[in-house]
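Each remark here refers to the structure printed beneath this line.
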Amino acid sequence: MKKHLIIGNPVTHSLSPKIHNHWFNENNIKGIYEKYSPRKNEIKKIIKKIKKKEIYGMNVTVPFKQDILPFLESKSKIVKKTNSVNTVFKKNGKVYGDNTDVYGFKKSLLINKLVLRNKKVLILGAGGVVPSIIYGLKSLKVGKIFISNRTLKNAKKIKKIFEFIEIVEWGKIIDCDLYINSTSVGLKNGEKLNFNYK
């Protein structure tokens, strides 16, 4: 039985086990997919289990998308560009990190037929998935990308990777064509970003 994991904190809301276990059953794959909320100092131990194939593969969510980077032996081109990982498995004998967030994000826009060429986008939040969102938006020829985060320091870290973005003061809503909530607000029922979009 091949064991798979998603790690994050919080991770209780994740639907990944439901989805993956459904497809394992549907396709007669001898696998199991579970969720786990480790402490940061447990990541190295988990990576060793992937190396030994005790864990076959793993997805990574908030807040570990960057924390996992030092433990990887090999990385995809997108990971090198975004400094963000959401998928880890063994490839060519090495623990390999990849990023499917870019593809998933772009696909969600294309399915909804959103044309963003030369448009303006405001991203709320500066967490682990934001570099993937920016990378995806840039490949769709977006005109201008703004970012706003409660902690200015984290927004500045992302601007170091993508110099072309503009930082907007937290709580200030500017006129844009698309607004993206990448904060953790909304993971719990009843949570809202109390901004005035009028």
Side-chain angles (χ1 to χ4, degrees), residues 1-112 125-136 139 154 158 161 180-191:
M1 182 75 74
K2 291 175 179 175
K3 185 175 179 179
H4 305 74
L5 280 182
I6 179 165
I7 64 165
N9 188 8
V11 80
T12 50
H13 66 282
S14 176
L15 297 175
S16 292
K18 204 172 198 175
I19 295 164
H20 286 82
N21 286 321
H22 168 78
W23 290 113
F24 286 160
N25 292 331
E26 194 81 6
N27 294 287
N28 297 314
I29 295 169
K30 290 181 180 176
I32 187 164
Y33 191 107
E34 299 170 341
K35 49 189 164 188
Y36 181 57
S37 187
R39 292 186 298 275
K40 190 175 173 179
N41 63 5
E42 291 179 84
I43 292 174
K44 189 174 182 180
K45 194 190 295 182
I46 295 169
I47 292 293
K48 280 182 181 176
K49 287 186 177 183
I50 294 173
K51 183 80 172 170
K52 293 177 186 174
K53 286 200 170 176
E54 291 172 26
I55 297 171
Y56 195 74
M58 178 173 74
N59 291 124
V60 183
T61 189
V62 176
F64 301 122
K65 287 174 185 276
Q66 276 88 32
D67 293 337
I68 204 111
L69 286 165
F71 305 106
L72 301 175
E73 298 172 307
S74 181
K75 301 167 194 168
S76 70
K77 285 180 185 175
I78 292 179
V79 167
K80 288 174 185 173
K81 180 63 184 170
T82 62
N83 268 340
S84 182
V85 174
N86 78 332
T87 305
V88 181
F89 56 98
K90 201 167 175 185
K91 182 178 179 181
N92 300 325
K94 293 183 176 179
V95 178
Y96 178 79
D98 206 349
N99 179 321
T100 62
D101 285 330
V102 174
Y103 171 81
F105 173 70
K106 280 177 65 178
K107 192 76 174 169
S108 71
L109 296 177
L110 295 170
I111 284 171
N112 287 288
V129 77
V130 170
S132 304
I133 291 170
I134 294 169
Y135 190 89
S139 71
N154 292 344
I158 291 176
I161 304 170
I180 298 169
N181 174 22
S182 75
T183 72
S184 59
V185 175
L187 293 179
K188 293 176 185 172
N189 286 336
E191 284 186 329

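Computed from heavy atoms alone, side chains included, the values below leave out hydrogens, waters and symmetry copies. No experiment lies behind these values; they were computed from the predicted model shown.
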Set of residues satisfying salt bridge (charged side-chain N to carboxylate O under 4.0 Å, His left out) with respect to Lys2, sequence neighbours excluded: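 Listed in chain order: nothing, the list is empty.
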Criterion side-chain hydrogen bond (donor to acceptor under 3.5 Å, both in side chains) against Lys65, the qualifying member of Asp101, Asn86, Asn83: Asp101
Worked verdict on Asn21 versus Ile32 for side chain to side chain contact (heavy atoms under 4.5 Å, CB included): CA-CA 6 Å; Asn21 286 321; Ile32 187 164; 4.2 Å; yes
Within 6.0 Å of CG in Asn27, more than 12 heavy atoms from elsewhere: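 Yes.
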Sequence neighbours excluded, every pair satisfying ring pair (Phe, Tyr, Trp, His ring centres under 6.0 Å) that has a member inside residues 29-84: His4-Tyr56, His20-Tyr33
Side-chain donor or acceptor of Lys49 paired with backbone N/O of Lys44 under 3.5 Å: no
Side-chain (Asn92) to main-chain (Lys94) donor-acceptor, under 3.5 angstrom: no
Check ion pair Lys3-Glu54 (N to O, under 4.0 angstrom): no
Closest contact, heavy atoms only, Ile161 versus Thr82: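 Heavy-atom minimum between the residues: CD1-O, 4.3 Å.
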Verdict with reasoning, Val88 to Val95, per side chain to side chain contact (heavy atoms under 4.5 Å, CB included): CA-CA 7 Å; Val88 181; Val95 178; 3.6 Å; yes
Ile68 vs Met58, side chain to side chain contact (heavy atoms under 4.5 Å, CB included): CA-CA, chis, key distance, verdict: CA-CA 11 Å; Ile68 204 111; Met58 178 173 74; 3.6 Å; yes
Donor on one side chain, acceptor on other, Ser16 and Asn59, under 3.5 Å: no
Can you list, pair by pair, the side-chain donor-acceptor contacts under 3.5 Å of residues 74-81, counting residues two or more places apart and other chains?
residue: Ser76; atom: OG; partner: Val79; partner atom: N; Å: 3.2
residue: Ser76; atom: OG; partner: Asp98; partner atom: OD1; Å: 2.8

Working for side chain to side chain contact (heavy atoms under 4.5 Å, CB included), residues Ile180 and Phe105: CA-CA 11 Å; Ile180 298 169; Phe105 173 70; 3.6 Å; yes
